[in-house]
**Student:** 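Following this message is one structure expressed as structure tokens.
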Amino acid sequence: METFIKPYLRLSGLEPLVVRPETNFINVGERTNVTGSKKFARLIRDNQYEEALSVARQQVENGAQVLDVNMDDAMLDGVHAMTTFMNLIQSEPDIARIPIMIDSSKFEIIEAGLKCVQGRCIVNSISMKEGEEKFIEQAFTCKAFGAAVIVMAFDEVGQADTKQRKVEICHRAYKILTEQVGFAPQDIIFDPNIFAIATGIEEHNNYAVDFIEATREIKQLMPLTKISGGVSNVSFSFRGNDHVREAIHSVFLYYAIKAGMDMGIVNAGQLVVYDEIEPTLKQLCEDVILNHNNDNNEATEKLIAHAETVKAKGKVEIKDEAWRNDTVEKRLSHSLVNGITDYIDADTEEARLKYPTPLEVIEGPLMDGMGIVGDLFGAGKMFLPQVVKSARVMKKSVAVLTPYIEAEKEQRKQAHIAAGTANSEAAGAAKILLATVKGDVHDIGKNIVGVVLGCNGYDIIDLGVMVPADKILETAQRENADIIGLSGLITPSLDEMVHIAKEMKRRGMTQPLLIGGATTSRIHTAVKIAPEYNDGVVHVLDASRSVTVAGSLLSKEQKPEFLNGVREEYIKLKHGFDNKKSVKTYLAYKDALQNKVKVDWANHTTQTPTFTGTKVFDNFDLNTLREFIDWKPFFITWEMHGNFPEILTDGVIGKEATKLYNDANKLLDQIIAEKWLTAKGTIGFWEAGSEDDDVEVKAGNEFVKLSFLRQQIKKAADQPNLSLADFIAPKSGGKKDYIGAFAVTLHGIEEHIKRFEASLDDYNKIMLQALADRFAEAFAEALHQQVRKEYWGYDKDEKLSSEELIKEQYTGIRPAPGYPACPDHTEKYKLFDMLKATDTIGVQLTESLAMYPASSVCGWYFSNPKSQYFGVGKIQRDQLEDYAQRKNMPLDVAERWLSPVLE
């Protein structure tokens with residue numbers, strides 16, 4: 001049977017990005033552009049490509065869905081720069097997972113990028129400025145590489161500046177691309193040119209209207225095409241006044257997106273919410289953008305005058321209690337939306353006395369209020385911390401009503417017994433069972449998903465962490481769960497998810513299976529999990545997506561079409577994965593070994609640690625650790641993306657981020673003052689020498705062999721294939737060298753988690769878990785600093801700020817087993833044995849090699865000045881076989897543990 005593939009724009013890096021009709025505006029990361037980022041341009045000019053990758057990584061972490069790469073600089077060999085940087089990106093899975101936009105005004109640079117990029121990229125851009133023949137030639141090249149294209153509204157006459165010219169040029173290009181070149185309409189993205197408005201030149205006044213109306217007409221005329229543009233151009237006249245520029249961008253996007261604009265290069269962190277723009281400024285922006293009341297530049301002059309008076313001011317928060325005079329329904333709704341628990345007991349009791357039954361209070365005003373919360377969250381007008389606070393209010397209200405509901409149930413039961421009739425209670429809300437799989441101890445993400453789904457009226461059964469397959473499935477069957485959700489953070493959890501899918505099929509179960517967690521992906525779900533179960537497997541990226549997925553799966557009308565769409569997409573992904581021809585070139589392992597990091601060992605001076613063996617830190621000061629906290633991952637936990645402290649003043653999420661930060665510090669004060677948590681750690685140093693990719697360590701009277709993996713992707717001539725073993729002096733050279741290790745953990749969280757659970761306080765429960773994780777990472781950072789300056793002492797004079805520490809601008813590294821530079825989790829066994837970590841600090845390894853307590857970190861110490869963080873990337877069969885032999889490990893066992901990095 002022929003499978004119908006819906007005509008969506010389908011892009012990919014290591015993971016797919018399918019642009020569906022319901023897809024929100026797509027943000028294109030702009031900082032890996034030498035014309036737009038001075039830092040990136042400097043790094044590329046100085047040949048510091050590895051450091052330039054950090055700029056790309058930051059864009060991905062900040063939420064970019066597509067990464068724009070531009071090497072157009074007169075002082076650069078653009079082809080070489082594009083080739084080198086693209087090849088490096090492909091070996092960094094955390095960056096390469098999103099699609100690339102190859103951006104250049106020189107087609108030879110675009111071609112260089114196309115030869116390196118994996119997945120399905122976007123070419124930015126081609127146009128008819130040099131005539132149709134050149135346009136067609138370039139379009140054929142892009143199509144041959146499978147790329148989507150951005151087409152500028154630019155022809156032989158020049159750039160289109162009126163609506164009519166924009167539409168005419170785009171339609172002409174469309175007909176050429178679809179009829180002569182064979183492009184699918186959905187793979188064409190038009191850029192109809194955004195020009196600056198409010199310049200004082202009357203001819204420019206209609207530029208924004210021309211773009212918006214051209215967008216509307218292009219989408220009507222060619223509905224499957226997409227529209228993009230450089231948003232910052234529209235406000236160029238107000239450069240230097242960020243407050244006004246942010247307002248102009250938000251108003252412009254409000255109308256442009258309504259007209260059909262799909263994506264654009266825009267700094268999402270500098271957008272203010274349309275509804276929150278000060279009314280006078282918003283009206284003036286609308287007049288200028290829509291060219292209203294602008295005769296003789298009147299609207300322009302008014303906006304310019306207003307811009308002179310506008311300053312970005314902090315808002316003073318005044319407690320307004322006027323809402324307490326509203327009806328009880330509105331008061332309940334207000335409490336839910338604003339996360340206020342102060343009056344919830346009294347208001348719930350008032351509502352209970354007003355309504356015929358307590359259940360009607362839940363089904364009426366409480367669910368109405370949560371409906372508003374869900375709508376605001378879905379529209380991006382509420383953020384995760386607010387939703388979790390709303391859930392706390394809801395749970396407290398329901399707790400007031402529960403005794404009365406149970407009493408009514410008992411009365412009905414006794415009445416049925418007395419009458420001799422059957423007692424049938426309503427089925428109630430749909431049940432969703434959630435669990436972190438066997439061997440994995442991480443559950444913050446799962447807890448957040450549970451809260452968000454609970455806010456939307458679902459009954460959540462949370463089985464916790466390290467849950468065996470049998471318990472998950474037996475509970476699902478016993479409780480008649482409607483959906484099963486699995487979570488995991490470490491790579492071995494992926495195999496457990498495959499096992500559960502197989503077991504569900506064997507048992508004849510029919511519940512849809514949701515897959516989530518940091519280590520999961522849509523491509524792994526499609527290739528490994530979905531084929532094992534026929535009744536619906538769906539990867540859920542984050543908490544905000546879980547609501548729409550659950551709603552689709554629980555709707556009799558929507559479920560068949562939704563699952564068919566997912567199934568078709570996953571079949572196509574698997575087919576593409578199974579049949580892909582890698583565009584990457586790999587070296588034979590023996591050849592990669594010859595391309596080590598070049599270290600002048602003869603003249604290298606190795607610093608001897610102040611001791612060999614181990615040292616234990618039994619109760620490290622939490623106040624000291626507080627100074628080392630990296631706040632950025634804390635906000636990411638709450639699905640708030642951005643750099644710290646800039647996130648606190650962000651135009652979109654700054655207000656809520658500041659509230660979250662203040663709440664976190666208030667809880668930190670309590671944790672430290674009342675000694676809720678105990679920080680325990682251990683470090684060790686030993687003599688070591690390398691032999692190819694093994695490092696022999698003298699641990700007491702024994703020798704321990706550590707085994708590492710090496711990058712095999714073919715690199716530019718001056719770029720080495722890295723292995724951690726390169727940073728330890730060779731055994732054969734007679735040069736004494738050392739390696740270190742560490743493990744840290746936080747004890748004492750469980751009793752406080754139970755207390756928050758008992759008081760129905762998900763907000764502080766998740767907050768405590770997130771802060772414990774931050775403490776563990778801060779402990780690792782603090783110890784590493786002491787190692788560098790004191791215990792190993794190879795950089796005694798180091799003076800780095802907190803920001804520089806977070807950016808890892810120190811000498812030496814501390815890579816962790818199971819992470820990109822050393823992806824084999826089984827090396828943790830050796831690390832734990834060398835440190836005696838279980839005996840001394842009470843941290844344990846699960847069967848999947850997660851650490852318990854969950855807030856724990858471990859890793860190796862390398863002191864060599866050339867040591868750096870990197871990703872091994874994919875390895876070939878020859879290295880797998882050699883690695884298994886070196887470790888004396890059965891090949892099938894090695895293959896299972898290394899499956900995430902096998903090509």
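The chain is numbered in sequence order, starting from 1.
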**Student:** So that I can tick it off, tell me whether Lys887 and Asp824 are bridged by a salt bridge, with the cut-off set at under 4.0 angstrom between side-chain N and carboxylate O.
**Tutor:**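 Result for this pair is yes, salt bridge flagged.
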**Student:** Report yes or no: does Thr475 contribute a side-chain atom to a donor-acceptor pair with the main-chain N or O of Lys471 at less than 3.5 Å?
**Tutor:** yes
**Student:** Are the side chains of Val449 and Val540 in contact, using a 4.5 Å heavy-atom criterion?
**Tutor:**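 With C-beta onward as the side chain, the pair stays apart.
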**Student:** Taking Thr614 for the side chain and Ile683 for the main chain, is one N or O donor matched with an acceptor at less than 3.5 Å?
**Tutor:**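 No.
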**Student:** Verify, without hydrogens or angle tests, whether Ser487 (side chain) and Ala435 (backbone) share a donor-acceptor contact under 3.5 angstrom.
**Tutor:**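 No.
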**Student:** Compare every heavy atom of Ser856 with every heavy atom of Tyr852, then report the nearest pair and how far apart it is.
**Tutor:** C-OG, 4.4 Å
**Student:** Taking the basic N atoms (NZ, or NE/NH1/NH2) and the acidic carboxylate oxygens, is any pair closer than 4.0 Å for Arg710 and Asp726?
**Tutor:** yes
**Student:** Report the distance from atom CD of Glu757 to atom NZ of Lys754, rounding to the nearest 0.5 Å.
**Tutor:** 8.5 Å
**Student:** Run the side chain to side chain contact (heavy atoms under 4.5 Å, CB included) test on Val872 and Val901 for me, step by step, so that the C-alpha distance in whole Å, both residues' side-chain angles and the decisive distance to 0.1 Å come before the verdict.
**Tutor:** CA-CA 8 Å; Val872 167; Val901 296; 5.5 Å; no
**Student:** Using the side chain to side chain donor-acceptor pair (under 3.5 Å) rule, pick out the option among Thr624, Asn623, Asn619 that qualifies with Asp621.
**Tutor:**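 Per the side chain to side chain donor-acceptor pair (under 3.5 Å) rule, the option paired with Asp621 is Thr624, out of Thr624, Asn623, Asn619.
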**Student:** Is there a donor-acceptor pair closer than 3.5 Å between any side-chain N or O of Arg886 and the backbone N or O of Phe708?
**Tutor:** yes
**Student:** So, for Trp638 and Tyr763, is the gap between ring centers shorter than 6.0 Å?
**Tutor:**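 Between Trp638 and Tyr763, the centre distance is under 6.0 Å.
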**Student:** I'd like to know if the side chain of Trp897 reaches the main chain of His825, judged simply by a donor and an acceptor atom lying under 3.5 Å from each other, with no hydrogens or angles considered.
**Tutor:**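 Side chain of Trp897 to backbone of His825: no pair is present.
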**Student:** For Trp792, is the NZ or CZ atom of Arg814 found under 6.0 angstrom from the centre of its six-membered ring and inside 45 degrees of the ring axis?
**Tutor:** no
**Student:** Tell me if the centroids of the rings in Trp631 and Tyr661 come within less than 6.0 Å of each other.
**Tutor:**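 Yes, the ring of Trp631 comes within the 6.0 Å limit of the ring of Tyr661, centre to centre.
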**Student:** What I want to find out is whether Arg392 reaches Asp761 closely enough, with some N-O distance under 4.0 Å, to be called a salt bridge.
**Tutor:**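 Between Asp761 and Arg392 there is a salt bridge, with a charged N closer than 4.0 Å to a carboxylate O.
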**Student:** If only atom types and distance count, is the side chain of Lys446 paired as donor or acceptor with the main-chain N or O of Gly488 below 3.5 Å?
**Tutor:**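 No: the side chain of Lys446 does not pair with the backbone of Gly488.
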**Student:** Give, for atom OH of Tyr738 and atom CD of Glu687, the distance between the pair rounded to the nearest 0.5 Å.
**Tutor:**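 The OH atom of Tyr738 sits 4.5 Å away from the CD atom of Glu687.
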**Student:** Which distance, rounded to the nearest 0.5 Å, do you find between the CG of Leu486 and the CD1 of Ile500?
**Tutor:** 4.5 Å
**Student:** I'd like to know if the side chain of Glu827 and the backbone of Ser707 have a donor-acceptor N/O pair within less than 3.5 Å.
**Tutor:** yes
**Student:** Is Ser855 reaching over with its side chain to a backbone N or O of Ala776, donor-acceptor style, under 3.5 angstrom?
**Tutor:** no
**Student:** Does the ring center of Phe685 lie less than 6.0 Å from the ring center of Tyr791?
**Tutor:** no
**Student:** Without swapping roles, check the side chain of Lys828 against the backbone of Leu849 for a donor-acceptor pair under 3.5 Å.
**Tutor:** yes
**Student:** His784 versus Tyr810: any side-chain heavy-atom pair under 4.5 Å?
**Tutor:** yes
**Student:** Side chain of Lys528, backbone of Leu494: donor and acceptor closer than 3.5 Å?
**Tutor:** no
**Student:** Identify which one of Phe620, Phe628, Phe742 satisfies the ring-ring contact (aromatic ring centres under 6.0 Å, His included) criterion when paired with Phe779.
**Tutor:** Phe620
**Student:** State whether Lys659 and Glu656 are salt-bridged, where the test is any N-O pair (Lys NZ or Arg NE/NH1/NH2 against Asp/Glu carboxylate O) under 4.0 Å.
**Tutor:** yes
